[in-house]
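What follows is a set of notes on a single structure, which appears directly below.
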Amino acid sequence: ATLTQLVPGGIATGSQNIYHPAAAAAFTVTGELESGAETIQFQTWVIGTELDYDSMKLTLDVDGESVEYTSEPVEIFREAGGFGDTVIMSWAWSELDAEAGSYTISFESTGAHTSFAAARLDILTAEADLEWLEAVFDSPSQDRWSYPFNITPGRRTAASIFGGTADEGLIRYGHYIIGFDTDTIVEPGHPAASYQLESVDFRATLNTNFEVVYDPTLDSVFSFLPEDHEQYQEDSDAGRPIELLGAGFRNGWDELTWEEGAEYATGEDADRNVYPALLNESGEIEDASLGINFNEPKAMEVLATGSVDGVEPGALIPEESEVRFTVDLSNPNTRAYIQRGLSLGRLYFTVTGYFAGTQEGVRTFPEFKTADNLLGVPPQLDLSYRIETVTIEPEISSVFWDNGEATVSFTGAPSGTFQIRYTEDLINWSTEDSPELQIVSEGAFEWVDTTADSTARMYQVIQVD
């Protein structure tokens, strides 16, 4: 956009303000709209004589015709001063003609001595028609009932889900692990942020011989606490939800090496190799096995809760029902977990819940048909996605000094080539053109400066390829 002051005599000051000492200033802001506009917001920062707020107008050019819009101003900030107040005002115009090709914002001041300090313009353009690709996976590549006493790992025809009680809280105990080789359809290897997602739907079919009350919504964490707990709250609805989480790996296994027939735990006194997991804000996989911590109860986070068409909440779930999990992509951690799996080429889910009961008579916990069940439909996954080229700017996350060495940790493009510069006075710089980097994880690096024996040293990371 172009900002123009129209009245002769205005000057650009040394402080970069536009100032008119002798008359009321008049301004226009003009620009082109390549794909129309849904909303335009404009903010002004003025010192001294204030603007004539009623003069603010937006004019759109629509097929050669001028269409004028007005808006009520909103005061964002005001500070009193000796030569007049400092004021930030905002205007917003919405429901604009999508066929507009250009715009003009015009406004005036109320008199001389207006010092125009800054302006901000935000335009929400009309959304273009985006081409989303569909990927349908009719069966998982790996699935397993995860339970320490499963004597047929990877070959069992059904997987039940239930919780268990420990001293510290409720544990996601028996659960169902499902993995899809997404690289058969979705090209892997791009930075995780390249995978744009419109929808992610996971489906699994229930088995027979169980009675479970249908609850499609998350329950308050406080409703899971013991009744004598000071924070206990009664559950507001009947039943408990079936939850969908991610999966984490340990004991030498990862998404690409683990197989459904692997041992439950590798190593003496080791925790289980695969566990229900979530991705935290730092991009790290967190073990969600302890779902309800009695000492520090906090709200639960899941990828999705299961829903069953045609069943009213509170009713019993019919046998052999399809349970659908629509992943909540509005949650950035959830979206990042899916993107991470697509980048790796294998995406894992865990179906879990806090159901209790025994196997005497009719079960009181859900059981799902696995891919090894010849009488059922295996779990399925539908994706709507597209792959975009993204630029990942390197960012230093920490610098740690120890005995004359500095470890510089930073994030950047997983396949990037980097240059590291350092200085002690911000004037004279030294450059490491080919630094020896340690790859901590995908897109995370460390470099050790063995000469950092000065009292202060500052670093800069630059991606050169």
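The model shown is predicted, which means the values in this text are computed figures rather than measured ones.
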* Determine, stepwise, if the pair Arg346 / Asp181 fulfils salt bridge (charged side-chain N to carboxylate O under 4.0 Å, His left out). => CA-CA 5 Å; Arg346 183 172 286 179; Asp181 284 339; 2.6 Å; yes
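- A donor-acceptor pair shorter than 3.5 Å can be found between the side chains of Tyr176 and Asp143.
- The aromatic ring centres of Phe210 and Phe355 sit 6.0 Å or more apart.
- Between Arg457 and Asp449 there is a salt bridge, since at least one side-chain N of the basic residue sits less than 4.0 Å from a carboxylate O of the acidic one.
- Side-chain contact check for Arg272 and Ser289: at least one donor-acceptor pair (N or O, by modelled atom type) lies under 3.5 Å.
- Aromatic ring orientation, Phe325 versus Phe202: tilted (interplanar angle from 30° to 60°).
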* To do: Start with the C-alpha distance between Ile338 and Leu197, add both sets of side-chain angles, then the distance that settles side-chain contact (heavy atoms from CB on, under 4.5 Å), and finish with yes or no.
  => CA-CA 9 Å; Ile338 303 295; Leu197 301 166; 3.6 Å; yes
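- Donor-acceptor pairing under 3.5 Å is lacking for the side chains of Arg363 and Thr208.
- Lys369 and Glu320 are joined by a salt bridge, as a carboxylate oxygen and a charged side-chain nitrogen come within less than 4.0 angstrom of each other.
- When only modelled atom types and interatomic distance are considered, Arg250 and Thr266 share no side-chain donor-acceptor pair under 3.5 Å.
- A side-chain donor-acceptor contact under 3.5 Å links Gln460 and Arg421.
- Note that the OH atom of Tyr147 and the OH atom of Tyr264 stand 9.0 Å from one another [nearest 0.5 Å].
- A donor atom on one side chain and an acceptor atom on the other are not found under 3.5 Å apart for Thr334 and Asp328.
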